[in-house]
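Everything on this sheet refers to the single structure shown next.
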There are 2 protein chains.
Amino acid sequence: MARKTGSHSEITGPRVQAAALRLIAQHGFAAVSMRQIAAEVGVQAGALYNYTNDKQTLLFDLLRTHMEHLLNALGTLPETGTPMARLEAFCRFHIAYHIERPDEVFISYMELRNLSADNFAAIEALRRRYESHLDAILKDGQAAGHFALDDARVTTFAVIAMLTGVNTWYREDGPLSKTDLADLYWTLVRRAVAA
Amino acid sequence: MARKTGSHSEITGPRVQAAALRLIAQHGFAAVSMRQIAAEVGVQAGALYNYTNDKQTLLFDLLRTHMEHLLNALGTLPETGTPMARLEAFCRFHIAYHIERPDEVFISYMELRNLSADNFAAIEALRRRYESHLDAILKDGQAAGHFALDDARVTTFAVIAMLTGVNTWYREDGPLSKTDLADLYWTLVRRAVAA
DNA sequence: GTCTATATGCTGATAGAC
DNA sequence: GTCTATCAGCATATAGAC
């Protein structure tokens with residue numbers, strides 16, 4: 001299998017994504033230059049444009065890929081069971097996924113401002129799909145009398161904000177195991193919504 | 001009272017702060033240039049350096065001022081009453097203050113990355129002082145048997161994240177009044193912590 | 001206190017050699 | 001697919017006139 005001239009790697013594309021993700025999470029999109037990303041990968045800046053049309057597209061692809069992975073993973077959760085069981089599964093999933101991918105989560109909240117209008121709309125649509133999953137669970141549980149909610153939509157925002165907040169303080173080398181963590185948050189959510 | 005030569009305003013300093021706040025909240029610190037801030041104020045870029053040593057200091061002063069105002073306002077809350085009453089007062093205060101100053105809150109979370117190490121440490125210390133206020137209420141209520149908390153520290157993080165999340169979706173021209181909003185969040189918090 | 005002018009360096013992106 | 005070289009523009013910050 002002949003390589004093309006000058007190719008030193010079969011996987012430069014993913015390495016560009018990984019470098020961009022790490023650097024943008026650390027310094028912010030506007031503060032990171034294409035040259036910095038190239039240096040992290042070990043190529044010259046011009047070579048990056050074999051893998052992205054421009055810097056904006058690079059950011060958009062990072063966010064879109066993250067949201068699609070998140071939605072795919074969400075899709076593997078069982079859709080049967082009581083609303084309470086489904087809510088617990090969602091909460092544990094959300095925490096586990098977010099702890100596992102802090103950089104992706106971080107830039108998906110922090111860099112929305114730096115998306116073009118079209119790209120922003122696309123990411124927001126994916127985010128709404130994710131939130132609507134929780135919203136549906138809450139409304140089902142409300143209708144079945146398992147939950148006592150004054151406003152399901154607000155509860156969705158509140159629960160997601162609370163759970164996502166773990167990324168601002170949780171450290172894997174700290175005193176709490178991931179199971180402890182999920183148990184603590186689940187207890188808070190359960191008590192907040194239970195009838 | 002003689003003005004100095006070329007002075008066109010007694011309040012350029014505050015106007016610089018306000019312009020920087022608005023632009024940074026909208027576009028991000030690294031994406032906003034001193035020229036943009038100057039244009040918003042109506043002066044040339046060089047004139048900004050009469051009011052700040054450099055761009056970094058401008059950001060730091062915005063965040064420090066916000067945190068100090070927040071702590072001062074927090075200090076006006078009554079420190080007497082049951083832990084439940086103090087918790088309710090804190091929650092309503094936090095939501096009201098954050099809704100009232102969305103730009104300041106936004107940059108205080110988003111631009112921490114762009115602070116120098118020393119400046120970051122200073123802002124983090126102020127933030128910890130704020131969080132410790134809620135932590136103290138939770139621990140008092142726990143000790144008095146009014147709250148049932150598995151972990152007061154985690155509950156502090158969870159409650160603050162949940163309440164701060166209002167800024168990501170709440171709009172004053174939407175269907176919910178500020179009172180409705182505070183009532184909804186307070187209900188969630190109360191049920192999550194009550195014994 | 002604000003202006004103009006400038007020093008110095010970095011930016012995103014492209015062209016063409018290999 | 002990666003390199004080098006380059007374009008045209010904008011960045012922060014400062015100096016000195018007024």
Side-chain angles (χ1 to χ4, degrees), chain A residues 1-21 23-24 26-63 107 111 113-119, chain B residues 1-21 23-24 26-63 107 111 113-119:
Chain A
M1 196 69 150
R3 278 188 179 172
K4 294 185 182 176
T5 309
S7 173
H8 298 295
S9 168
E10 303 283 322
I11 54 161
T12 301
R15 283 166 42 78
V16 170
Q17 303 281 323
L21 173 63
L23 287 171
I24 292 171
Q26 185 173 356
H27 304 293
F29 175 72
V32 172
S33 70
M34 296 297 270
R35 282 170 178 79
Q36 281 177 272
I37 296 169
E40 176 102 348
V41 174
V43 299
Q44 293 299 314
L48 296 181
Y49 291 88
N50 291 314
Y51 303 97
T52 186
N53 285 336
D54 50 34
K55 198 186 177 194
Q56 167 70 206
T57 305
L58 181 57
L59 176 64
F60 176 62
D61 286 343
L62 286 177
L63 267 61
I107 69 167
E111 305 298 351
R113 284 179 301 187
N114 289 306
L115 292 174
S116 69
D118 284 358
N119 289 344
Chain B
M1 198 70 150
R3 278 189 181 171
K4 295 185 182 177
T5 309
S7 173
H8 297 294
S9 169
E10 303 282 321
I11 54 161
T12 301
R15 281 166 44 77
V16 170
Q17 303 282 321
L21 173 64
L23 287 170
I24 293 172
Q26 185 173 357
H27 303 293
F29 175 72
V32 172
S33 70
M34 296 297 270
R35 280 174 179 76
Q36 281 176 273
I37 297 169
E40 176 103 348
V41 174
V43 298
Q44 293 300 314
L48 296 182
Y49 292 88
N50 290 313
Y51 303 96
T52 185
N53 285 336
D54 50 33
K55 198 185 176 194
Q56 166 69 208
T57 305
L58 181 56
L59 175 64
F60 176 62
D61 286 343
L62 286 177
L63 268 61
I107 69 168
E111 305 299 351
R113 284 179 301 188
N114 291 305
L115 291 174
S116 68
D118 284 357
N119 289 344

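Just so we're on the same page: letters track the sequence lines, and every chain starts at 1.
- At whole-Å resolution of the value, CG in A/N50 and C1' in D/dT2 are 7 Å apart.
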Between protein and nucleotides 5-13 of chain C, map the contacts as a letter string: B base, S sugar-phosphate only, - none, heavy atoms under 4.0 Å, written 5' to 3'. ------BBB
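- Qualifying side-chain hydrogen bond (donor to acceptor under 3.5 Å, both in side chains) partners for B/N50, counting only residues two or more places apart in sequence or in other chains: none.
- In this structure, the CD1 atom of B/I37 is 14 Å from the C1' atom of D/dA13, given to the nearest Å.
- An OP1 or OP2 oxygen of D/dT4 is reached within less than 4.0 angstrom by a side-chain nitrogen or oxygen of A/Q44.
- Atom P of nucleotide D/dA13 and atom CG of B/L48 are separated by 11 Å, given to the nearest angstrom.
- Considering only residues two or more places apart in sequence or on other chains, B/R113 meets the side-chain hydrogen bond (donor to acceptor under 3.5 Å, both in side chains) condition with A/E111.
- Residues in residues 30-52 of chain A take part in these salt bridge (charged side-chain N to carboxylate O under 4.0 Å, His left out) pairs, two or more places apart or across chains: A/R22-A/E40.
- Distance alone, capped at 3.5 Å, is enough to place a donor-acceptor pair between the B/Q36 side chain and the B/S33 backbone.
- A/N119 meets the side-chain hydrogen bond (donor to acceptor under 3.5 Å, both in side chains) test with A/Q56, A/S116; sequence neighbours excluded.
- The phosphate of C/dG1 has neither OP1 nor OP2 within less than 4.0 Å of any side-chain N or O from B/T12.
- One finds the OG1 atom of A/T52 at 9.5 Å from the CG atom of A/L59 (value rounded to the nearest 0.5 Å).
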